[in-house]
Each structure stands twice: as C-alpha cells, then as structure tokens.
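So the structure is just underneath, and the comments pick up after that.
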Amino acid sequence: MALPHLTASHFKEQRIVNEPSAMPVRVRFAPSPTGPFHIGGARTALFTWLFARRHGGTFILRIEDTDRKRYDPEALRLLLDGLRWLGIDWDEGPEVGGEFGPYFQSERTELYRQWADWLIEHDKAYRCYCTPERLAEVRERQKTNRESLGYDRHCRNLTPAERDQQHAETGGHYVVRLKMPLDGETTVHDILRGDITFDNRQLQDLVLLKSDGFPTYHLANVIDDHFMQVSHIMRAEEWISTAPVHKHLYDAFGWPTPKIAHLPVILSPSGKGKLSKRSVAFTDGGRKVPVLLHEFVEAGYVPEALVNFLTNVGWSFGDDREVFTVQETIERFDLDRVNPAGSAFPLEKLDWLNGLYIRDMAPDKLAALLKPVFEHAGYTPSDDQVLAVVPLVQPRIKTLNEAIDFVGFIFADTFTPAPPEDLIQKKMDAAGTKAALEQALAALEGLPDFDAATQEAALRPLAKELGLNPGQLFGALRVATTAQQVAPPLFETMAVLGRDTSLARIRGAIASLDHTG
RNA sequence: GCCCCCAUCGUCUAGGGGACCAGGACGUGGCCCUUUCAAGGCCAAGACUGGGGUUCGAAUCCCCAUGGGGGCACCA
C-alpha cells in the first residue's frame with residue numbers, strides 16, 4: 001500500500017471545504033486604461049464579478065492608471081461602457097465611490113511613495129540609479145554570454161558612500177527595487193493549480209517605484225489589494241511568473257497574502273498564441289475575428305449571448321447545459337469549475353448562441369436593437385417599419401448585422417432591379433418567366449387583401465396551373481421584388497413592401513424581360 | 001536560452017480510481033421539412049498526446065518525454 005501523495009485532487013477537496021471562509025469576499029477587476037477593452041479582460045471581469053455575486057461579496061473596479069506613457073483617456077470610457085453593456089456592475093469604483101477610495105491609482109501616489117520609503121528604511125528595498133542605457137548594456141552582455149536575463153543587482157551592493165555619490169550624480173533620479181532573497185524557494189498557492197514553487201535565484205529585484213514617482217503594477221497592486229481588503233485576487237495567467245515577487249512584497253510589509261486564482265488565457269481560434277489585437281486572425285470563412293469588446297458590439301452580438309458564451313469558455317455550467325441565464329450562472333458559479341488550461345476562442349459557438357438569443361427575444365426588443373444597426377448601414381426606417389421586418393429576420397440571423405443583407409433593400413430609397421437573367425429560374429426560359437410573372441401580376445392585382453396568406457392562396461394554385469414548382473414561380477417573383485436571390489419568404493416580404501411597390505417591381509421585371517427576348 | 005503553467009473529438013467541454021468499448025455542445029456530413037436563405041427534427045462520423053510506473057482495476061494518481069501556452073520592462 002503506497003502512501004497517499006499530495007495531489008491535485010487533494011487541493012480540490014481542501015478547496016471546497018475552505019472556500020466559504022470567514023473573511024468577506026472582496027474582489028476587484030483592475031484594468032489599465034491604455035487602450036480598447038479586450039475580450040480577455042472582459043472575461044476576467046465577468047468571472048471576478050460572478051464570483052463576487054455568487055458569494056454575496058463586493059466587486060471593486062480599480063483603475064490602474066500608473067503608466068503615463070501609455071495612458072489613453074478614451075480607454076476609461078470604453079471600459080466603463082463595456083462593463084455596463086455586459087451587465088457587470090461594480091459596488092466600489094469610478095462613479096460610485098466607496099470607503100476604500102480613491103479608486104484611481106494616479107490619485108494614490110502618495111500612499112505608494114510612503115510605503116516604498118518604508119521598505120527602504122526597513123532594508124526590504126533599495127534605490128537603483130542605473131540608467132536605461134546601462135540596463136540595456138547588461139542585457140546585451142547577458143544575451144551574448146547566453147546568461148539568463150535580468151537586472152544584475154548592481155545598486156543593491158553599493159556602499160553608503162557610493163550610494164551618496166550616485167545620488168548626487170544622477171540628481172536624485174532613481175527607481176526603487178525590491179530586495180529579493182538570493183537563494184531558497186518561494187511557493188505560491190494558486191486556487192486552480194495548487195502550489196507553484198519557484199527557485200529564488202530565478203526571481204528578479206523588480207522595480208517598485210519608477211523614476212517618475214509612479215509605482216509599477218507590483219507595488220500599487222499589493223498596496224491597494226491590502227488596503228482595499230481584497231480577499232481573492234483573480235487575474236490572468238500571465239501574472240503567474242510575478243506572483244512570487246508579490247508574495248515577497250506582502251511578506252516584506254508583514255501583510256497576509258490574499259488567495260490567488262490565475263485565470264486561463266483565451267487563445268486565438270487557431271489555438272496559436274493569445275487572442276490579440278496585434279495579430280489579427282481570420283476564421284476559415286475569411287471573417288476577421290473580433291477581439292475588442294466594441295468589435296463584438298459592432299459585429300452585432302447581443303450582450304446576453306456574449307456573457308453566456310464567455311462563461312462557457314474556461315468554465316462549465318455542468319448538467320450538460322450550454323445555455324443559461326446570468327442569474328443561473330450566479331447561482332452556481334465557482335472557481336472549482338474553472339479549467340486551468342487555456343482555450344482557443346470558439347467563435348462559431350458564439351454565432352450559434354447569438355442566433356439562439358435573437359430568436360428568443362421579444363420582437364419589440366429585437367426591433368430596438370435592430371434600428372441603430374440599420375441606421376448605421378445608412379437606412380432611416382421608422383420604428384414601425386423595423387418592427388414589421390422583425391418576423392422576417394428573426395429566425396434567420398445569427399448577428400444583428402445580418403439583417404441588413406436580408407431586408408436592407410426594403411428601406412432603400414432607390415430600387416436597382418436585378419439583371420433580367422437573374423429572374424429566370426431553373427429549367428425556365430425568358431418567355432416562360434415573363435408569362436409566369438404576368439400571370440402572377442394579374443392574380444395579385446385582383447386580391448382583396450395583400451397579406452401573406454391571401455397572396456399564398458392565390459399564387460400557390462397558380463404555380464400548379466402553370467406547371468411550375470412553387471420554387472420556380474416564387475423564385476422569379478423574389479428576384480423581381482427584392483433583386484436578391486436570397487431574401488426572407490416571399491409573401492411576407494411583399495406584404496411588408498406593400499402592394500404598389502411590389503406590383504411596380506413585378507411590372508418592371510416583365511418589361512426587362514422584353515429586352516432580352 | 002531560462003523559469004512557470006497546461007494537455008479528453010477539428011473546437012468549447014463533462015469526467016475527481018470501477019457507473020466510460022468516454023457524455024454534452026458548436027462545427028461538419030446525411031436525411032426529413034421546405035419558397036430561396038434560415039430555423040426546427042432525426043441520424044452519423046469524431047478524442048483520452050506517447051512511454052513508463054502505482055493499483056485487482058487508470059481518461060482519472062506519480063514520473064519522464066513530447067506538444068501547446070505564458071513570462072523573463074522604469075507595461076500592466
């Protein structure tokens with residue numbers, strides 16, 4: 001009988017027991033306003049928010065605007081709008097405040113500076129006077145010598161006299177670096193992965209305070225998470241490698257380390273590399289893969305579908321269910337069903353889900369969503385016109401934008417007839433098509449009403465009479481009235497178009513067939 | 001190069017030593033329905049990366065290999 005090993009399954013058992021801890025759940029999403037809102041960030045925000053809501057905790061939004069060079073004032077608006085669009089609300093943060101503010105790191109610089117000084121005073125950190133040029137040189141040398149890359153700790157070993165001299169020479173220009181242990185190991189506990197152990201010799205004396213006086217992520221993050229009483233850190237997987245540094249920072253301050261879960265990354269649909277705005281990917285169909293949240297909005301996805309989709313990537317509902325509401329997700333979301341493996345972005349599944357949600361939607365709600373889409377495409381339909389068109393598109397579109405191809409022509413100011421040859425259906429010729437259209441025209445003209453059912457009652461027997469398949473007659477009429485080979489069902493379409501317009505177009509088609517003979 | 005993480009159908013996933021000749025979903029193919037396109041219904045093909053252990057028994061636990069991913073900034 002072998003001794004039981006400490007295995008992943010042990011962690012999982014422990015996790016379930018320990019999860020509802022006495023400490024109130026306080027989690028944060030802490031984006032950096034340096035550019036558009038990335039879908040990966042949106043997923044991290046969603047999972048964090050779901051976790052907070054599931055545990056009756058507090059969801060904090062904190063803006064990590066400590067990078068002056070990359071700061072983008074537009075980014076914050078995109079971020080807040082994006083979160084709201086997804087239905088993610090925050091209990092503390094911009095616009096709502098909270099007792100642990102301010103929630104913009106740029107307004108907390110004094111705090112970071114104080115604690116950086118504290119670290120220096122307590123010999124946990126040191127001032128580094130190395131210029132970017134020297135750092136680059138060190139780097140180059142390490143590369144040519146095939147050594148492992150990193151700061152050589154030059155300033156850590158300065159004598160007090162040398163330090164004073166450097167201070168004077170550089171005009172007090174310095175960064176603050178954390179004094180990491182030079183040997184031994186550091187173990188970080190990740191909720192999804194268990195213990196992760198690092199060799200301290202691989203770890204860096206990372207910069208905590210930049211020469212412009214702003215903190216780096218490492219410092220600001222640790223200080224804020226501590227003072228904002230964050231219980232669980234949830235962030236993307238790319239932070240794993242700096243987690244041990246953060247652990248040492250907490251230890252240096254003498255603060256407890258929050259529980260940490262590194263969420264898996266979303267990969268490009270090909271599975272090759274992170275889903276990135278820099279390396280634009282395309283689907284097999286040649287469609288550009290959306291990456292930024294506003295690209296999903298513009299592509300005609302609806303928030304309920306995107307949220308449902310995002311929860312299906314890296315997390316699973318269980319019970320073999322793929323479709324569920326946010327409320328249902330909140331009721332059962334937890335970290336133990338988060339898959340630590342990165343996943344390719346299954347865009348086709350989003351299309352399917354989006355279509356599902358569209359078909360499920362109340363017609364007036366769909367109309368409200370569709371109107372701006374039509375307007376963006378250059379049409380100006382009235383509310384009633386959009387509502388009339390909803391039944392035509394609702395069962396057949398996967399994204400809102402697809403409605404434009406189906407029914408956009410209905411709102412167009414001018415009608416461009418299809419070339420006459422397009423009117424001619426399979427196994428038909430120009431003369432036969434012309435005759436069929438003339439017969440149909442006559443039948444339609446005499447109708448007491450122009451609703452779909454009345455039209456059908458007249459035209460279906462006519463097709464038989466003419467010895468045509470329904471598809472032949474209806475196809476010719478479809479092209480005549482819509483100038484499209486693909487359109488919503490004919491009778492409904494003509495009903496929306498109106499009798500006058502429909503008949504005029506049929507007459508035009510008949511005339512165009514004269515010229516082809 | 002160094003460090004770290006991960007590994008089930010093409011893809012997203014279920015799976016926690018026996019209930020697994022591995023379940024669901026998307027996509028794909030076929031059939032039905034049909035007025036083009038959809039939607040809907042039915043059916044089908046399709047995976048435990050490899051090798052060693054542990055065990056009566058491994059998709060599941062351990063090790064190695066391989067593959068993929070992430071990181072190695074005065075960016076987050």
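Labels below follow one simple rule: chain letters A, B, ... track the order of the sequence lines, proteins then strands, and each chain is numbered from 1. As a basis for the values below, the full set of heavy atoms in this structure was taken, side chains included, without hydrogen atoms, waters or symmetry mates.
Rounded to a whole angstrom, the distance from the P atom of B:G50 to that of B:A7 is 15 Å. Only the C1' atoms considered, B:C26 is 33 Å distant from B:G51, to the nearest whole Å. Spacing of P atoms, B:G67 relative to B:C61, comes out at 23 Å, to the nearest Å. B:C12 and B:A19 are spaced 26 Å apart, taking the P atom of each and rounding to whole Å. Rounded to a whole angstrom, the distance from the P atom of B:A45 to that of B:G30 is 15 Å. For B:G29 and B:A65, the P atoms lie 42 Å apart once the distance is rounded to whole Å. To the nearest whole angstrom, the two P atoms, one in B:G52 and one in B:A59, are 14 Å apart. Distance check on atom P: B:U28 versus B:C75 gives 47 Å, rounded to whole Å.
Closest-nucleotide positions on RNA chain B for A:R396 and A:W315 were compared, and the one nearer the 5' end corresponds to A:W315. Taking the nucleotide of RNA chain B with the nearest heavy atom to each of A:A344 and A:G471, the more 5' of the two is matched to A:A344.
Within the cation-pi definition used here (under 6.0 Å to the ring centroid, within 45° of the axis), A:R43 qualifies as a partner of A:F47.
Each of B:U36, B:U13, B:A25 was ranked by its minimum atom distance to the side chain of A:S316; first place goes to B:U13. Side chain of A:E348, nearest nucleotide from B:U35, B:G10, B:C12: B:G10. Out of B:U35, B:G24, B:C12, the shortest distance to the side chain of A:D320 is found at B:G24. For A:A341, taking side-chain heavy atoms from C-beta onward, the closest of the listed nucleotides B:U35, B:C12, B:A7 is B:A7. Side-chain proximity of A:I196 to the nucleotides B:U11, B:A39, B:C4 is greatest for B:C4. Nearest nucleotide to the side chain of A:R478, out of B:U13, B:A25, B:U35: B:U35.
Counting non-hydrogen atoms under 4.0 angstrom, A:D319 reaches nothing in the nucleic acid. Residue-level contact check: A:R321 touches neither bases nor backbone, having no heavy atom under 4.0 Å from any strand. At the heavy-atom level, A:A487 lies under 4.0 Å from base atoms of the strands shown. Within the 4.0 angstrom heavy-atom criterion, no nucleotide atom of any strand lies near A:G475. If you check every strand for non-hydrogen atoms under 4.0 Å, A:P488 touches a base.
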**OP:** If a protein heavy atom is under 4.0 Å from the base, mark B; if only from the sugar-phosphate, S; if neither, -; do that for nucleotides 68-76 of chain B going 5' to 3'.
**Re:** -SSSSSBBB

**OP:** Could you check A:Y103 against A:M228 for side-chain contact (heavy atoms from CB on, under 4.5 Å), going step by step and ending with a plain yes or no?
**Re:** CA-CA 9 Å; A:Y103 293 91; A:M228 293 181 182; 3.8 Å; yes

**OP:** Check the pair A:F474 / A:F491 against ring-ring contact (aromatic ring centres under 6.0 Å, His included), numbers first and verdict last.
**Re:** CA-CA 9 Å; A:F474 303 163; A:F491 310 127; 5.0 Å; yes

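Of all nucleotides present, none satisfies the Watson-Crick or G-U wobble test against B:U36 with each distance under 3.5 Å. In a base pair of the Watson-Crick type (N1 to N3 plus N6-O4 or O6-N4) or a G-U wobble (N1-O2 and O6-N3), with each distance short of 3.5 Å, B:C72 is matched with B:G1. Base pairing analysis places B:G10 opposite B:C26; the two distances defining the Watson-Crick or G-U wobble pair are each below 3.5 Å. The pairing partner recorded for B:A59 is none, the criterion being a Watson-Crick or G-U wobble arrangement whose two distances lie under 3.5 angstrom.
Under 3.5 Å, the side chains of A:D67 and A:Y217 contain no donor-acceptor pair of N or O atoms.
In this structure, A:W315 and A:F324 have perpendicular ring planes: the angle between them is above 60°, well past the 30° mark.
With contacts defined as side-chain heavy-atom distances shorter than 4.5 Å, the pair A:I358/A:V393 does not qualify.
Close to B:U13, at under 4.0 Å from its OP1 or OP2, lies no side-chain N or O of A:K349.
We find that A:E137 and A:R134 are not joined by a salt bridge, their nearest charged nitrogen and carboxylate oxygen being 4.0 Å or further apart. Taking the charged nitrogens against the carboxylate oxygens, A:D405 and A:R396 have no contact shorter than 4.0 Å, which rules out a salt bridge. Ionic pairing of A:R321 and A:D319 is not present here: no N-O contact between side-chain nitrogen and carboxylate oxygen is shorter than 4.0 angstrom.
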